[in-house]
Amino acid sequence: MSERKQKTVGIHELYRKNPREADKLLWGREVDSGTRRGFLKKSGLAAMVAFIGSSIPFASKMPGGLIPAAMADASVAFGIDGKEGLRILNDRPINAETPPHLLDDDLTPAKHFFVRNNGIPPDLESIGDPGKWVLEVAGESCLKPKKYTLAELKRKFKHYSYALTLECGGNGRSEFDPPAKGNQWSTGAVGCAQWTGVRLKDVLEDCGISDDAVYIGYYGADAHLTGNPSKQSISRGVPMSKALEDESLIAWGFNDEEIPFQNGYPLRLVTGGWPASTCGKWLKKIVIRNQVHNGAKMAAPSYSVPNRPVAPGAKVANEDMHTIESMPVKSLVTSPKSGVTHPLKESFSCRGHAWAGDLSVERVKVSIDFGATWQLADLKKPINRLAWQRWRAELSFPQPGYYEVWVKATDSQGRSQPTIVPGWNPKGYLNNACHRIAVQVV
Ligand SMILES: Nc1nc2c(c(=O)[nH]1)N[C@H]1C(S)=C(S)[C@@H](COP(=O)(O)O)O[C@H]1N2
Ligand SMILES: [Mo]
């Protein structure tokens with residue numbers, strides 16, 4: 001589709017630019033004094049071995065910065081510590097998306113959950129004992145500002161778990177024409193994990209919400225790309241109505257384990273169904289505001305779209321845009337993988353997920369004739385509000401040849417996905433066009 005616009009950092013480019021940083025990104029450890037000896041004894045070696053698929057008898061002799069020949073092909077997908085099979089879009093800050101076939105699980109595993117960083121994550125060592133992590137609640141509409149350690153949050157408030165879909169507002173950006181600046185996400189800036197934590201509303205109520213409260217804002221422990229400590233990489237939020245929903249969590253758990261480091265360990269805000277930019281990672285502080293929060297990347301043009309449709313490439317004034325709230329209806333084919341070969345005589349089983357921001361998905365349809373006709377898919381209910389929904393379909397093809405399977409979801413208010421890229425907007429948000437996979441029938 002839009003390969004030309006996608007920025008993928010090849011392994012060679014990564015190593016050419018900064019071999020020490022590349023080692024750190026790939027294997028999670030910096031190399032000491034030009035040799036991998038130190039770190040290869042620890043998790044780095046395990047990661048490398050897992051990647052290559054066998055042990056490395058002479059690992060201790062491998063020079064630092066050497067790209068193992070087994071993965072020297074620049075097209076090989078490589079990972080970030082704790083991640084597997086992601087497509088890296090940017091290495092500073094780290095941004096990586098999940099290919100659709102790795103999103104097939106009901107709950108996205110930690111290793112496959114996408115990463116969208118605006119700045120530089122806090123140092124893992126500096127986090128130390130997660131129980132001592134401190135969350136502060138303040139702001140002009142907070143009656144009793146307080147601080148809690150993570151251990152106190154766990155002790156004091158009731159725990160809740162929900163499967164919540166997080167999708168970056170810029171998911172699908174790579175298909176806009178003219179191209180929009182920013183990470184060229186194709187379809188993989190989305191995932192649905194089971195998040196465990198305390199309700200944001202329970203904590204806010206404990207700190208006293210003044211009558212004039214309209215918004216909450218978050219601050220995380222990551223640093224601005226410039227390293228300037230007085231600047232935030234991102235500090236967004238949601239209106240009180242969203243903050244006070246049952247499913248809005250201050251979470252420490254991800255699929256019954258700790259949150260993966262790149263996804264906000266040890267604590268993050270999770271407001272499912274809204275642009276995932278509202279879900280502050282490495283969460284340090286929440287402010288209750290008497291005005292719309294005005295942190296970094298809160299105001300237009302960030303995470304904002306034009307109030308009215310505009311021509312592709314048009315300039316749009318900030319005052320003619322509004323902040324994105326609930327995400328639009330969308331779906332993916334997660335199995336089989338695009339490009340599969342299928343025998344004509346056999347029935348073709350396909351499946352995936354569909355989601356619709358704050359709403360639920362009413363129906364999913366699939367097409368094998370480029371959208372001319374559609375067949376109803378079987379659709380499950382979400383396991384809880386704001387979780388994605390499983391769909392399945394059995395298809396048969398009339399004769400051998402090249403087909404595409406298209407999937408289209410409709411939300412509970414009757415809105416469907418467009419078959420082509422929807423309204424162009426300056427920052428390339430909200431592309432919810434139908435996903436399609438290629439099938440060779442033989
Ligand atoms: N502190 C902090 N929180 C953050 C971000 C960030 O850069 N720093 N990125 C935001 C954006 S834009 C998105 S899409 C999601 C990505 O979450 P993930 O990296 O866990 O997939 O986190 C959001 N929360
Ligand atoms: Mo995002």
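A quick note: this is a predicted structure, and the numbers were derived from the prediction, not measured. Throughout, numbering of the chain's residues begins at 1 and tracks the sequence. Atoms within a ligand are numbered from 1 in the order they appear, just like the ligands themselves. Just the heavy atoms: all of them, side chains too, but no hydrogens, waters or symmetry mates, feed the values below.
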Quiz prompt | Gly280 N/O under 3.5 Å from ligand 1 N/O | solution = no

Quiz item: Are Phe254 and Trp195 near enough that their ring centres are under 6.0 Å apart?
Solution: yes

Quiz item: Quick one: is the NZ or CZ of Arg289 closer than 6.0 Å to the six-membered ring centre of Tyr215, and within 45° of its axis?
Solution: no

Quiz item: Would one find an N or O of Asp222, backbone or side chain, under 3.5 Å from an N or O of ligand 1?
Solution: yes

Quiz prompt | ligand 1-proximal atoms of Tyr303, by part, heavy-atom distance under 4.0 Å | solution = side chain

Quiz item: Relative to the heavy atoms of Ile234, which atoms of ligand 1 are at a distance of less than 4.0 Å?
Solution: 2 (C), 5 (C), 6 (C), 7 (O), 8 (N)

Quiz item: Taking side chain as C-beta onward, heavy atoms only, is Ile259 less than 4.5 Å from Phe113?
Solution: no

Quiz item: Do you see a donor-acceptor pair shorter than 3.5 Å between the side chains of Arg92 and Asn117?
Solution: no

Quiz item: Is NZ or CZ of Lys365 both nearer than 6.0 Å to the six-membered ring centre of Trp391 and within 45° of the ring axis?
Solution: no

Quiz prompt | Polar side chain donor-acceptor pair, Ser335 to Asp104, under 3.5 angstrom | solution = no

Practice problem: Under 4.0 Å, heavy atoms only, figure out whether ligand 1 is touched by the backbone of Cys279, its side chain, both or neither. | Solution: backbone

Quiz prompt | Of the listed options Glu167, Arg116, Lys284, closest to atom 16 (C) of ligand 1 (non-hydrogen atoms) | solution = Arg116

Self-check item: Under 3.5 Å: N/O of Lys281 near N/O of ligand 1
Solution: yes

Quiz item: Do Lys330's NZ or CZ and the ring of Trp355 fall within the cation-pi criteria of under 6.0 Å and 45°?
Solution: no

Self-check item: Distance-only N or O hit between ligand 1 and Ser277, under 3.5 Å
Solution: no

Self-check item: N or O pair under 3.5 Å between Arg268 and ligand 1
Solution: yes

Quiz item: Considering distance alone, does some N or O of Gly220 sit under 3.5 Å from an N or O of ligand 1?
Solution: no

